Amino acid sequence: MQLSQNHPLEAGLTHDSRLITAYGGTRPDVTPVWFMRQAGRSLPEYRELRVGNAMLDACLKPELASEITLQPVRRHGVDAGIFFSDIVVPLKQVGVDVEIVPGKGPVLGKAVRTASDIDELVALDPSVLDESLDPVIEAVRLTVAELGRTPLIGFAGAPFTLAAYLVEGGPSKDHIHARTLMHAEPEAWSRLMEWVAEVTGRFLRAQVLAGASAAQLFDSWAGALSLDDYVRHVAPASARALEHVRDLSYTTEPVEPGANAVVHTVPIVHFGVGTGELLKAMHDIGADVVGVDYRVPLDEASRRLGGVVPVQGNVDPALLSAPWPILEAHVRDVLARGANAPSHVLNLGHGVPPETDPAVLTRLVEFVHAQ
Ligand code: CP3
């Protein structure tokens, strides 16, 4: 399906930005940079706005969510905004009892542990999201109107990461109940994964239709899985989730007069934590770009991806608090290794730690742009 004429990609605002160029596999003038969790607790202006607003309430107030998304773009001069929301927002909007507990993460009213719990959950109709995502759609519209030529990245949680929260009932270390369930009750597991793919896929599609220029799927906990379990019990649902955005396209005018307009699809990034063994499989589900955490150097990641896939990453967040010369040497190394891939978007190997000095992030952006 073609994006609407006022979408920033279709309107010609973001299609030739550094980010979208690099996501398309071409190296722009300088390496683009943005940070996972750039919006959030490292910024005093964020902490101030959040006073009196529970996390999920903040996500559903369009003006607030939009302003929080814009804060790090203004402050750091990054090459993209990442939409301020959370992976559990579509679960909440479809009717799941979930809250985000500060310092902990998403916590469910009731863990989904058995086949009958799953039946009860999947009885919630994902199509209600078409109306209950209005605050998200409104927040995206407000944000892209302000961002102009800077692309907004929409995102969603991958089915495994969301299922891990649902089955465990909250954050857990090795997601043992979820991994037991996928083997002990493979049919119930696949019903759960199909449902989650539908819910999270609709969340992602709504953001792109409303104005996001790229989409990132976060599989934060897939690193707990063997390659075999990933391919068999998880990848099909992640592919299903991405199908919700894979058909979205935009057109650019030809450079030479008389030539045909070119149709492009909206770029999709797939990121996981501790997923060095899964990189190829994560690309194969229908991603254009693979996000790499800090454990695998980018030259090795690119080799595992056959040398043909744009990569995103992978500054170790721990080094943001090291003295500048140590961080600078590390960033130079990341850039040099990233040169092995067709193109590279600099990011962190996971999110910005809350205690990070924001001035370091601004300096890092300036440094990357000056190379
Ligand atoms: O700049 C951005 O990246 C902002 C948008 C964003 C948030 N969550 C806001 C948020 C994104 C992309 C996410 C994704 C998300 N949420 C993931 C995938 C990425 C990752 O980090 O692995 C996961 C696993 C979640 C679930 C979640 N939500 C956790 C683990 C937490 C942290 C809980 C805590 O307090 O330590 C949250 C809450 C959350 N989501 C915060 C933010 C800014 C912090 C809430 C606060 O400020 O009180």
Side-chain angles (χ1 to χ4, degrees), residues 33-60 64-76 78-92 96 98-108 136 139-140 143 152-166 168-173 175 178 196 200 203-204 207 212 214-224 238 241 269-275 291-294 312-313 317 347-356 358 361:
V33 47
W34 68 277
F35 304 114
M36 293 185 281
R37 293 280 170 94
Q38 65 190 16
R41 284 170 295 183
S42 65
L43 300 184
E45 59 269 36
Y46 167 79
R47 294 195 297 267
E48 202 175 301
L49 274 187
R50 275 290 315 284
V51 173
N53 289 294
M55 174 63 195
L56 290 178
D57 294 342
C59 295
L60 295 168
L64 191 57
S66 174
E67 175 57 22
I68 294 172
T69 305
L70 294 165
Q71 285 177 341
V73 182
R74 290 192 201 110
R75 185 192 262 260
H76 301 310
V78 279
D79 294 286
I82 173 81
F83 181 56
F84 178 79
S85 191
D86 196 85
I87 57 170
V88 299
V89 164
L91 295 179
K92 185 179 168 78
V96 175
V98 56
E99 276 311 321
I100 291 182
V101 177
K104 202 167 172 206
V107 174
L108 278 287
V136 166
V140 170
T143 307
L152 177 70
I153 301 168
F155 75 92
F160 177 72
T161 291
L162 287 168
Y165 282 115
L166 288 165
E168 305 294 336
S172 73
K173 205 158 180 280
H175 319 293
V196 178
T200 203
F203 176 56
L204 194 57
Q207 294 167 61
Q216 177 159 323
L217 194 69
F218 282 88
D219 211 345
S220 303
W221 311 140
S238 295
V269 186
H270 195 186
F271 168 76
V273 180
T275 46
V292 183
D293 88 345
Y294 57 87
Q312 177 171 281
N347 204 308
L348 302 177
H350 198 176
V352 175
E355 62 278 11
T356 304
L361 296 175

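Indexing begins at 1, ligand by ligand and atom by atom, following the structure's order. As the structure is a computational prediction, the values presented were derived from the model and not from experiment.
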Among [options], which one puts a heavy atom closest to [atom]?
atom                    : options             : value
atom 25 (C) of ligand 1 : H350, M36, M55, R37 : R37
atom 40 (N) of ligand 1 : L162, D86, V89      : D86
atom 35 (O) of ligand 1 : G103, A39, P72      : G103

Legend entry - Heavy atoms of other groups near E48 CD, more than 12 under 6.0 Å: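 No, the 6.0 Å shell around CD holds no more than 12 heavy atoms from other groups.
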Legend entry - Q38 (side chain) donor-acceptor with V73 (main chain) under 3.5 angstrom: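 No; zero donor-acceptor contacts below 3.5 Å.
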Legend entry - Flag, side chain of T143 to backbone of A139, donor-acceptor distance under 3.5 Å: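 Side chain of T143 to backbone of A139, a donor-acceptor pair under 3.5 Å: yes, one is there.
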How far is [atom] from its nearest protein heavy atom, and which residue and atom is that?
atom                    : answer
atom 6 (C) of ligand 1  : S85 O, 3.5 Å
atom 23 (C) of ligand 1 : I87 CD1, 3.5 Å
atom 11 (C) of ligand 1 : F155 CZ, 3.5 Å
atom 18 (C) of ligand 1 : S220 OG, 3.2 Å

Legend entry - Over all atoms of both residues, closest heavy-atom pair of W221 and A164: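 Scanning both residues completely, I find the closest heavy atoms to be CD1-CB, 4.2 Å.
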Legend entry - Heavy-atom pair of closest approach, residues F155 and F83: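 Between these two residues, the closest heavy atoms are CE2-O, 3.0 Å.
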Residue [X] vicinity, atoms of ligand 1 by number, heavy atom under 4.0 Å:
X    : result
P106 : 26 (C), 27 (C), 29 (C)
F218 : 12 (C), 18 (C), 19 (C)
F83  : 5 (C)
I100 : 28 (N), 38 (C)
F84  : 43 (C)
I82  : 1 (O), 2 (C), 3 (O)
P102 : 35 (O)

Legend entry - salt bridge (charged side-chain N to carboxylate O under 4.0 Å, His left out) between K92 and E99, worked out: CA-CA 8 Å; K92 185 179 168 78; E99 276 311 321; 3.2 Å; yes
Does the side chain of [Y] come within less than 4.5 Å of [X]'s, by heavy atoms?
X    : Y    : result
D293 : T275 : no
P358 : P44  : yes
P90  : V96  : no

Inset, instruction - Examine the proximity of ligand 1 to R50 and report which part, side chain or backbone, both or neither, has a heavy atom under 4.0 Å away. - result: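 The part of R50 near ligand 1 is the side chain, not the backbone.
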Inset, instruction - Just let me know how Y46 lines up against ligand 1, side chain, backbone, both or neither, with a heavy-atom cut-off below 4.0 Å. - result: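 Y46 to ligand 1: side-chain contact only, backbone stays beyond 4.0 Å.
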Supply the atom-to-atom distance [X] [atom1] to [Y] [atom2], rounded to the nearest 0.5 angstrom.
X    : Y    : atom1 : atom2 : result
I87  : L217 : CD1   : CG    : 10.0 Å
L166 : T161 : CG    : OG1   : 11.0 Å
M36  : F218 : CE    : CZ    : 6.0 Å

Inset, instruction - Could you tell me if any non-hydrogen atom of Y165 lies under 4.0 Å from any atom of ligand 1? - result: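 It does; at least one heavy atom falls under 4.0 Å.
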Inset, instruction - Please state whether G351 comes within less than 4.0 angstrom of ligand 1, counting heavy atoms only. - result: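 For ligand 1, residue contact (heavy atoms, under 4.0 Å) with G351 is absent.
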Inset, instruction - Before signing off on this row, confirm whether R41 and ligand 1 have an N or O atom pair separated by under 3.5 Å. - result: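 It does: an N or O of R41 is found under 3.5 Å from an N or O of ligand 1.
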